[in-house]
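As structure tokens, the structure follows; a few thoughts come after it.
Letters A, B, ... mirror the listed sequences (proteins, then strands); counts begin at 1.
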There are 2 protein chains.
Amino acid sequence: MLQTDLIKGSIRTIVLKLLKENGRMYGYEITRKVEELTSGKIRLTYGALYPVLHKLESEGVLVTEAENFNNRIRIYYSLTEKGHSLVREKVMELLEFIESLQSIVSPQTGPSYA
Amino acid sequence: MLQTDLIKGSIRTIVLKLLKENGRMYGYEITRKVEELTSGKIRLTYGALYPVLHKLESEGVLVTEAENFNNRIRIYYSLTEKGHSLVREKVMELLEFIESLQSIVSPQTGPSYA
DNA sequence: AATAATATATAAGATGTTTATATAATGTAA
DNA sequence: TTACATTATATAAACATCTTATATATTATT
């Protein structure tokens with residue numbers, strides 16, 4: 001597992017992107033999906049995930065629906081219209097950030113006339 | 001400029017990598033180099049940079065040399081042996097992290113038999 | 001003379017994350 | 001049938017990290 005503090009700051013974007021791709025999801029499902037997509041390299045903790053979800057809700061970025069499943073309450077989160085445009089922004093920002101990181105840590109991949 | 005909270009957690013690795021590539025550097029020079037490499041997209045703030053440098057020094061990862069330049073003191077930072085092996089670790093970790101992020105935000109780039 | 005750029009640094013406040021903890025139902029293996 | 005793993009949501013305390021504001025001072029440029 002990675003689980004370094006690199007994850008700091010990207011949880012919001014990850015959550016938003018997953019909700020965009022998968023429609024509505026519940027918290028546990030989000031953590032599973034992240035593990036699946038990253039081959040277990042990234043694991044969101046609930047102490048980090050739920051505060052993010054609650055904040056996004058209070059900002060009007062997503063809405064919740066509580067449903068009963070097997071005598072348990074399951075809370076589904078889905079993007080609002082505002083959420084959808086935020087995803088686009090945030091994902092672009094993340095891609096730019098990744099590019100920037102790469103230009104620091106990776107050697108130039110320009111033409112090599114070798 | 002990006003300057004989102006995505007940078008959180010990657011400053012250490014960025015600093016370490018730059019010191020490895022450039023030998024010794026001083027604080028201001030580090031911020032310049034990051035701006036240069038990222039076309040101004042990432043800007044380290046001093047409030048973030050200096051605490052990181054001081055912490056790395058206290059951990060024995062880097063050492064300082066104060067030199068006089070134009071009537072001003074300039075403090076050069078360079079990696080110790082311990083620092084050199086930490087860079088390798090941290091950069092690998094960052095590359096893995098980038099890969100993980102990409103598998104979340106980017107579409108699969110597998111063979112497309114189209 | 002004023003401003004921008006160079007240069008290091010700290011404190012206060014804000015934010016975000018980990019770790020620990022609580023609760024509870026269902027499925028599974030011994 | 002007991003114990004454990006998995007499913008499921010959630011909060012509080014502690015910790016780490018970052019931004020913003022601030023201080024200081026020299027040199028170069030307009």
Side-chain angles (χ1 to χ4, degrees), chain A residues 1-16 24-36 40 42-59 61-78 90 93-94 97, chain B residues 1-16 24-36 40 42-59 61-78 90 93-94 97:
Chain A
M1 228 219 308
L2 266 168
Q3 209 64 348
T4 60
D5 39 28
L6 292 170
I7 293 103
K8 286 169 199 281
S10 43
I11 297 183
R12 273 174 90 91
T13 306
I14 290 172
V15 166
L16 289 169
R24 62 178 209 169
M25 299 178 89
Y26 50 99
Y28 186 74
E29 194 185 3
I30 293 173
T31 64
R32 295 277 98 163
K33 196 72 186 174
V34 169
E35 276 190 56
E36 184 199 320
I42 295 182
R43 264 177 220 170
L44 301 186
T45 59
Y46 301 114
L49 177 62
Y50 286 112
V52 165
L53 287 170
H54 298 333
K55 187 143 192 237
L56 287 172
E57 190 188 5
S58 79
E59 289 170 4
V61 172
L62 49 81
V63 286
T64 60
E65 297 166 89
E67 269 181 41
N68 218 293
F69 179 79
N70 273 350
N71 290 336
R72 277 177 276 180
I73 282 172
R74 190 182 265 178
I75 298 166
Y76 282 100
Y77 300 87
S78 53
K90 284 286 173 187
E93 207 175 75
L94 185 59
F97 176 64
Chain B
M1 227 218 309
L2 268 165
Q3 209 63 345
T4 59
D5 39 28
L6 291 170
I7 292 104
K8 286 169 200 279
S10 43
I11 296 183
R12 272 176 90 90
T13 305
I14 291 172
V15 167
L16 289 169
R24 63 178 209 169
M25 299 178 88
Y26 50 100
Y28 186 73
E29 193 184 3
I30 293 173
T31 64
R32 295 276 99 161
K33 196 72 186 174
V34 169
E35 275 189 58
E36 184 199 321
I42 294 182
R43 263 177 221 169
L44 301 187
T45 59
Y46 302 114
L49 177 62
Y50 286 111
V52 165
L53 288 170
H54 299 333
K55 189 149 190 231
L56 288 172
E57 189 188 5
S58 79
E59 289 170 4
V61 172
L62 48 83
V63 286
T64 59
E65 296 165 90
E67 269 182 40
N68 218 294
F69 180 80
N70 273 350
N71 290 336
R72 276 176 276 180
I73 282 172
R74 190 182 264 177
I75 298 166
Y76 282 99
Y77 300 87
S78 54
K90 283 287 173 187
E93 207 175 76
L94 184 60
F97 177 64

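- Atom OH in A/Tyr26 sits roughly 15 Å away from atom P in D/dT6 (whole-Å rounding).
- For B/Tyr28 and D/dT27, the OH to C1' distance is 12 Å, given to the nearest whole Å.
- At D/dT17, one or more side-chain N or O atoms of B/Lys55 fall inside 4.0 Å of OP1 or OP2 (strictly under the cut-off).
- Checking the phosphate oxygens (OP1, OP2) of C/dT15, no side-chain nitrogen or oxygen of A/Lys8 falls inside 4.0 Å.
- Protein atom CD1 of B/Ile73 is 14 Å distant from nucleotide atom P of C/dA7, rounded to whole Å.
- With DNA chain C read from its 5' end, the first of the two nearest nucleotides for B/Arg32 and B/Gly47 is the one closest to B/Arg32.
- For the side chain to side chain contact (heavy atoms under 4.5 Å, CB included) criterion with A/Thr31, the lone passing option out of A/Thr45, A/Ile42, A/Leu49 is A/Leu49.
- Remark: A/Thr45 is not in phosphate contact with C/dT17, judged by side-chain N or O atoms under 4.0 Å from OP1 or OP2.
- A salt bridge is absent between A/Arg32 and A/Glu29: the closest approach of a Lys/Arg side-chain nitrogen to an acidic carboxylate oxygen does not fall below 4.0 angstrom.
- The existence of a salt bridge linking B/Arg12 and B/Glu93 is excluded, since no basic side-chain nitrogen approaches an acidic carboxylate oxygen closer than 4.0 Å.
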Next item on the list: Decide side chain to side chain donor-acceptor pair (under 3.5 Å) for B/Thr64 and B/Glu57; before the verdict, give the C-alpha distance in whole Å, the side-chain angles of both, and the deciding distance to 0.1 Å.
Entry: CA-CA 8 Å; B/Thr64 59; B/Glu57 189 188 5; 3.2 Å; yes
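- The CZ-P distance, from B/Arg43 to C/dA5, rounds to 11 Å in whole Å.
- Taking atom CD1 on A/Ile11 and atom P on D/dC18, their separation rounds to 14 Å, with Å as the unit.
- Here the P atom of nucleotide C/dA5 and the CD atom of B/Glu29 are 18 Å apart, to the nearest Å.
- Whole-Å rounding puts the B/Ile7 CD1 to C/dA14 C1' distance at 16 Å.
- Put simply, CG on B/Leu49 is 11 Å from P on D/dT19, counting in whole angstrom units.
- Checked against D/dT9, C/dT18, D/dC18, the side chain of B/Val52 finds its nearest nucleotide in D/dC18.
- At a threshold of 4.0 Å, the pair B/Glu67-B/Arg74 does not count as salt-bridged, since none of the basic side-chain nitrogens sits closer than that to a carboxylate oxygen.
- Phosphate contact (OP1/OP2 of C/dT8, side-chain N/O of B/Tyr46, threshold under 4.0 Å): absent.
- The phosphate of C/dT8 (OP1 or OP2) has no side-chain N or O of B/His54 nearer than 4.0 angstrom.
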